[in-house]
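Report on the following structure.
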Amino acid sequence: MTLKTPTHKGHVIVVSNEKGGTGKSTISMHLAITLLQEGYSVATVDLDGRQGTLSKYIENRKKYCRTKNIDLPTPASFTYAPQEDLSLLNASKENINNRIEELSREYDAVIIDTPGTKNYLFEEAHKHADTLITPMSDSLIDLNVMADIDFASSTIGKPGHYANFIWEVKKKMAIENRGYLNWIVVGNKTSTYNSKNKNLVFEYLEKLGKLFGFRFTPGLKDRIIYKELFLMGLTVLDMQHPKLQMKMTMSHLAAKREVKSIAEFICPEE
C-alpha cells in the first residue's frame, strides 16, 4: 500500500456521507488498523463527537489491551463536537482546521470520520481531503443523496444534495490548485446475498461514478462479526495476533479479504 499526496504531507482521508448509519466508523477503524499494520503512523479525528462511535471503538480497544495485557497497534485519536455557541463558531472552525493541519504534518495518515448530517465540522473536514471515502448501503432509497433517479424509466436526473456538495469541494480544490480529489464510493453493510436490489444499486453506482468522477468498489457486507468486534475494539485484522489466536470462520476470513481489498483499492501499490 502506498500513501501519496501532492504536498508530501500526511494523507488526509475523509470518510463521509450526508446520511447516518452507513458504517463510516467501521470503515475508518479498519482502514486505520490496516495502515498501522503496514507501518504507517495514523491519527483519527472523530467529528461526530455527540455520537462518538469511532472514539468509543478506540476506547474499547485501549480497554481491551489493558485488560488482556496485550499491545495492539492503536491510532492516536481526537474527538470534536459542534460548537453550539454561535459567537464561538469562527474560533471552533479555526481550531479544527489548525488541528487537521498539525496532524497532517505529524502523521503519515489522518482519517476523519464525519457526522451523518452536514454541519460546519462536516464542511471543514472536506477542505483537507486528499481521499474521500463515501460508504453506501445497497438501498435504492440511499441513492437519493447521489442523484435523482427514476427507476421506472432508468433515467438519472439532477445530482443529489451530497453529490452537489462534493462538486463544490472539487471546484474549490481546482481553484486553489490542490490537485485531484480521490473520491471512492464503497459499498458497506450490503447484503450477503446476490440480490436483484443490490445488483441494481451497484449498477447505478457504476454509472454515477462515470458522471460524477468517483470510483466504486463493492466493499464490506453486513456481517455480525463487525458488530461483535466493536465491543472489544478489535478488527478482523487483529484476530490472528499471536497473543489472541482467535478462531476464524469462513465468514471471518471473507471479512478480512473484504477489508484488505478496500485498503488496496484506496491506497494501491505503486
Side-chain angles (χ1 to χ4, degrees), residues 13-28 30-31 48 51 112-120 122-123 125-127 129-175 179-224 226 254-255 257-259 261-266 268:
I13 302 170
V14 174
V15 185
S16 161
N17 189 337
E18 202 173 336
K19 184 184 183 304
T22 57
K24 294 186 297 294
S25 299
T26 300
I27 292 280
S28 297
H30 278 78
L31 182 56
D48 196 7
Q51 184 169 338
I112 305 176
D113 188 11
T114 63
T117 55
K118 188 164 72 171
N119 58 23
Y120 75 92
F122 179 100
E123 293 175 349
H126 288 77
K127 295 178 181 179
D130 296 303
T131 292
L132 171 65
I133 301 172
T134 300
M136 292 283 294
S137 73
D138 54 4
S139 165
L140 293 172
I141 296 173
D142 288 358
L143 282 175
N144 287 336
V145 301
M146 302 297 288
D148 183 10
I149 300 173
D150 185 340
F151 296 104
S153 63
S154 301
T155 303
I156 297 175
K158 62 182 181 180
H161 53 276
Y162 180 73
N164 268 325
F165 172 72
I166 302 306
W167 173 244
E168 292 301 321
V169 171
K170 286 185 170 186
K171 285 199 297 184
K172 186 173 178 59
M173 289 180 68
I175 291 170
Y180 175 77
L181 177 65
N182 179 29
W183 185 14
I184 298 167
V185 174
V186 177
N188 200 35
K189 301 172 72 173
T190 61
S191 171
T192 55
Y193 301 102
N194 190 28
S195 68
K196 181 179 179 180
N197 185 78
K198 180 173 73 174
N199 291 336
L200 185 59
V201 170
F202 286 4
E203 178 185 329
Y204 273 105
L205 286 173
E206 291 282 4
K207 291 178 180 178
L208 291 172
K210 294 181 175 66
L211 290 173
F212 298 157
F214 63 76
R215 294 183 295 140
F216 170 70
T217 184
L220 305 184
K221 293 183 173 62
D222 189 17
R223 301 182 187 276
I224 295 296
Y226 294 122
R257 285 195 297 271
E258 289 169 4
V259 171
S261 178
I262 289 177
E264 291 298 337
F265 192 85
I266 294 167

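On a predicted model such as this, the values are computed, not experimentally measured, just so you know. FYI, the numbering just counts along the sequence from 1.
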Side chains of [X] and [Y], heavy atoms from C-beta outward: is any pair under 4.5 Å?
X	Y	result
Leu208	Phe216	no
Val169	Leu132	no
His126	Ile166	yes
Leu181	Phe214	no
Leu31	Ile262	no

Looking at every non-hydrogen atom in both residues, tell me the closest pair between [X] and [Y] and how far apart they are.
X	Y	answer
Ala255	Arg223	CB-CD, 3.7 Å
Val185	Trp183	CG2-NE1, 4.0 Å
Lys24	Gly116	NZ-CA, 3.8 Å
Thr114	Ala125	CG2-CB, 4.1 Å

Output the distance between atom [atom1] ([X]) and atom [atom2] ([Y]), rounded to the nearest 0.5 Å.
X	Y	atom1	atom2	value
Ile112	Asp48	CD1	CG	13.5 Å
Phe212	Asn164	CZ	CG	8.0 Å
Asp130	Met173	CG	CE	6.5 Å
Thr117	Glu18	OG1	CD	8.0 Å
Asn188	Ile27	CG	CD1	4.0 Å
Asn199	Phe202	CG	CZ	8.0 Å

Exercise for the section: Go through Tyr226 and His30 one step at a time and tell me if the side-chain contact (heavy atoms from CB on, under 4.5 Å) criterion holds. Expected result: CA-CA 10 Å; Tyr226 294 122; His30 278 78; 3.7 Å; yes
Practice task
Give every residue pair that meets the side chain to side chain donor-acceptor pair (under 3.5 Å) criterion with at least one member in residues 165-174, sequence neighbours excluded.
Solution key: Glu168-Lys171, Lys172-Glu176
Exam field: side chain [X] to backbone [Y], donor-acceptor pair closer than 3.5 Å:
X	Y	answer
Ser16	Thr134	no
Asn197	Asp138	yes
Arg215	Phe265	yes

Listing, residues 140-152 side-chain donor-acceptor contacts under 3.5 Å, not counting sequence neighbours, or none:
from	atom 1	to	atom 2	distance (Å)
Asp142	OD2	Ser137	OG	2.4
Asn144	ND2	Ile141	O	3.2
Asp150	OD1	Ala152	N	3.1
Asp150	OD1	Ser153	N	3.3
Asp150	OD2	Ser153	OG	3.2

Handout entry: side-chain contact (heavy atoms from CB on, under 4.5 Å) assessment of Val186 paired with Leu220
Key = CA-CA 8 Å; Val186 177; Leu220 305 184; 5.6 Å; no
Problem - Test of ring centre spacing under 6.0 Å for Phe165 and His161 - result: no
Problem - Step-by-step salt bridge (charged side-chain N to carboxylate O under 4.0 Å, His left out) determination, Lys207 to Glu203 - result: CA-CA 6 Å; Lys207 291 178 180 178; Glu203 178 185 329; 3.4 Å; yes
